[in-house]
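Written out below as structure tokens is the structure these notes cover.
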Amino acid sequence: MPHFKPTGPISLQGAPALAVSELPCVSLKVVSRPAGGRGGPAAMCPSDMQQLLSSIGSDTEMSDAQQPRSATAPTCFLQLQDGSDCILLVRPDAQLPAGCILLDDVQQFNLHIVAGDTHSFRLFQPPPGEPFDLVDLEGEVRLLSAMGCSATVQVDADVLVAVLLRQYFGRVVAANELLPVRVSDAELLVRVTAAHVLPGEEREEAIGYHCFRGRVGPTTNVYLTQRDPEPSNGSSSSNGDTAEGIAASLAPLSLSEGAARAAEPGAPSTSAPVLTLTNVRCQAARPAPTDVVNVYTRDAEWFPVKKKLLRPCIALTKVVRDSGSSAPNVNVDVDTLTFDRVLLFLEALHLGRPPPNWSLHLIEDMAKAATALGLRALDEYCQERLGRLSSGVRIFRFEEVVAANACGQVLLVLDSMVLDVTSWLPEHPGGSRIIPAQSLNCDCARFFEMYHASRESFLYLSSFYLGELHPEDRPRVPPGGGKGAEPPSPDFLQQLREYTDPFRLKLGGEVSTPGKTVRNL
């Protein structure tokens, strides 16, 4: 379809498995709705609907918030059994035979199914406990047909929005779905380009927000735009926004005999009207966010990523801590598809969820990405999946730390934790020299407290952590700054230990510090 052909079947683009795995299903033969009936709900035999709804046990009964909002009862939501982004609002129709579902040609196009085929459909329920009513709905308008109109069809966007909201109130719409709407003598197609259940401010703050559909409600704001017709390349004229062009694109789905004839090779060209959308209302422009990093992959794709999501990537420390007035840019030696999986891993890590169970053939590339980004958690995940995980954290003797530093590594002792910051030094905001100059072969807790007034630096410690210093060696570690130097404050040590407790080896006992006895790990 000119300009807005969906990138792949939208019936396969990500409906969550949870929504399709527990509810009853029914096999139905697709029957085409007669021409002129586009845009209405789907329909099925009342006995089929009654049987489907009666099969819902009390444990899965729909709440009021999950029911379709319709003045005609009963109604239900259906989706393809294997999952589909597009959700059908279905009403009973006594004229339909049992085992059939009535769909118009655009609904068939949205689901990538055709009349005459039999498909299995499941009841759909909105995810419980999550927002589902749309706050914002964005769409792109096309002209499908205009009977008896002049060369230019002018449509008021406010009128179109009002008709769309009235027609689709209470129905679920999804990104890339086509919504037919008739305004006067013009039949229009609105392709959903974005659907949001959170306001813009909340979307900017949210981690793990991926909205592709929702229910049209009384407070849904609709923003419509019109894409300019495709410019002519000199060899053929564009029909991207004409009735003929759109009808020809949908002709394989049997829109009408006239559309099919228009799509035939050698069909005579006719002058078709062109759409002009007036009174277009756009969303208020929001200032460019500064809490993101523009990440460019090695194949030149661009990802705006929230800084707090990238904090575990120690190789990106400088850009994550950048406090400039604009979002910083960074190039990473990771391909686009792998970085997309890395973002899913980071999201799961941030939300405390298990990462996706990726196929083993993808893990090698993800392990390389973990090295490039300094993402220790991902590296451990990959090594475990590949069966190469070593014994992990351990107890070190002080002599081991000194010997490693003499060989070029940079191992630090911080409150008896052993940290490896060797590869991170180039990213250190204070420069790469100050740590080796001041903090080797001593307890650097005092320096850490002096130079890091913010406790944000605690966030990186788990990425550097190798293990604990042997209890017998702790008295042998000189304090940072030499004999007589001021020790770290008890409050700092308490905060440090509370933060690091989840990942530190537990050795037990207590340690006395000036003015206070605190639990030792």
Side-chain angles (χ1 to χ4, degrees), residues 1-15 20 25-45 48-49 52 75-93 95-124 142-145 167-168 171-182 187-192 212-213 239 243-265 267:
M1 180 177 300
H3 292 307
F4 57 62
K5 184 176 181 181
T7 55
I10 57 178
S11 58
L12 303 175
Q13 283 187 355
V20 301
C25 61
V26 60
S27 292
L28 299 171
K29 182 179 180 180
V30 179
V31 176
S32 285
R33 185 184 295 276
R38 298 189 188 109
M44 63 189 298
C45 177
D48 288 337
M49 179 174 289
L52 190 63
T75 57
C76 65
F77 289 134
L78 290 184
Q79 67 178 155
L80 291 174
Q81 180 181 4
D82 293 334
S84 56
D85 287 1
C86 294
I87 306 299
L88 298 170
L89 174 64
V90 186
R91 290 177 177 169
D93 186 343
Q95 303 300 316
L96 277 178
C100 293
I101 185 169
L102 186 68
L103 301 178
D104 64 43
D105 39 24
V106 178
Q107 289 169 328
Q108 294 173 43
F109 181 85
N110 286 331
L111 291 170
H112 284 240
I113 58 180
V114 295
D117 287 352
T118 298
H119 295 271
S120 187
F121 293 85
R122 280 191 183 275
L123 281 174
F124 168 81
R142 292 290 190 278
L143 182 64
L144 182 57
S145 66
Q167 181 174 336
Y168 289 92
R171 292 164 66 173
V172 178
V173 298
N176 277 330
E177 183 175 356
L178 297 180
L179 310 178
V181 183
R182 179 173 288 278
E187 189 172 19
L188 307 167
L189 279 180
V190 177
R191 181 179 73 95
V192 178
F212 60 93
R213 69 181 170 205
N239 60 2
E244 180 184 2
I246 299 298
S249 298
L250 292 177
L253 299 181
S254 304
L255 277 177
S256 66
E257 292 183 4
R261 285 197 301 269
E264 291 176 357

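Model, not experiment: these values are computed from the prediction. Note that the numbering runs from 1 along the sequence shown for the chain.
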Closest heavy-atom contact between [X] and [Y]?
| X | Y | answer |
| --- | --- | --- |
| Arg171 | Gln167 | NH1-O, 3.4 Å |
| Gln107 | Leu102 | OE1-O, 4.3 Å |
| Ala42 | Leu103 | CB-CD2, 3.5 Å |
| Ala115 | Ser32 | CB-OG, 3.1 Å |
| Pro180 | Val106 | CD-CG1, 3.9 Å |
| Gln81 | Ser120 | OE1-OG, 2.5 Å |

Quick check: do [X] and [Y] have side-chain heavy atoms less than 4.5 Å from each other?
| X | Y | result |
| --- | --- | --- |
| Asp85 | Asn176 | no |
| Leu80 | His119 | yes |
| Leu88 | Phe121 | yes |
| Leu89 | Val172 | no |
| Leu123 | Phe77 | no |
| Asp48 | Leu96 | no |
| Leu188 | Leu143 | yes |

Does the side-chain contact (heavy atoms from CB on, under 4.5 Å) test come out yes or no for Leu144 and Arg38, once each step is laid out?
-> CA-CA 11 Å; Leu144 182 57; Arg38 298 189 188 109; 3.5 Å; yes
With rounding to the nearest 0.5 Å, note down the distance linking [atom1] in [X] to [atom2] in [Y].
| X | Y | atom1 | atom2 | value |
| --- | --- | --- | --- | --- |
| Arg91 | Cys76 | CZ | SG | 11.5 Å |
| Asp93 | Met44 | CG | CE | 11.0 Å |
| Leu28 | Asp117 | CG | CG | 13.0 Å |
| Arg142 | Leu189 | CZ | CG | 9.5 Å |
| Ile101 | Ile113 | CD1 | CD1 | 7.0 Å |
| Tyr168 | Glu177 | OH | CD | 7.5 Å |

Trace of the side-chain contact (heavy atoms from CB on, under 4.5 Å) decision for Leu78 with Leu52 | CA-CA 10 Å; Leu78 290 184; Leu52 190 63; 3.6 Å; yes
So, the side chain of Asp104 versus the backbone of Gly39: is there a donor-acceptor pair under 3.5 Å, distance only?
->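 Flag set: sc Asp104 to bb Gly39 pair under 3.5 Å.
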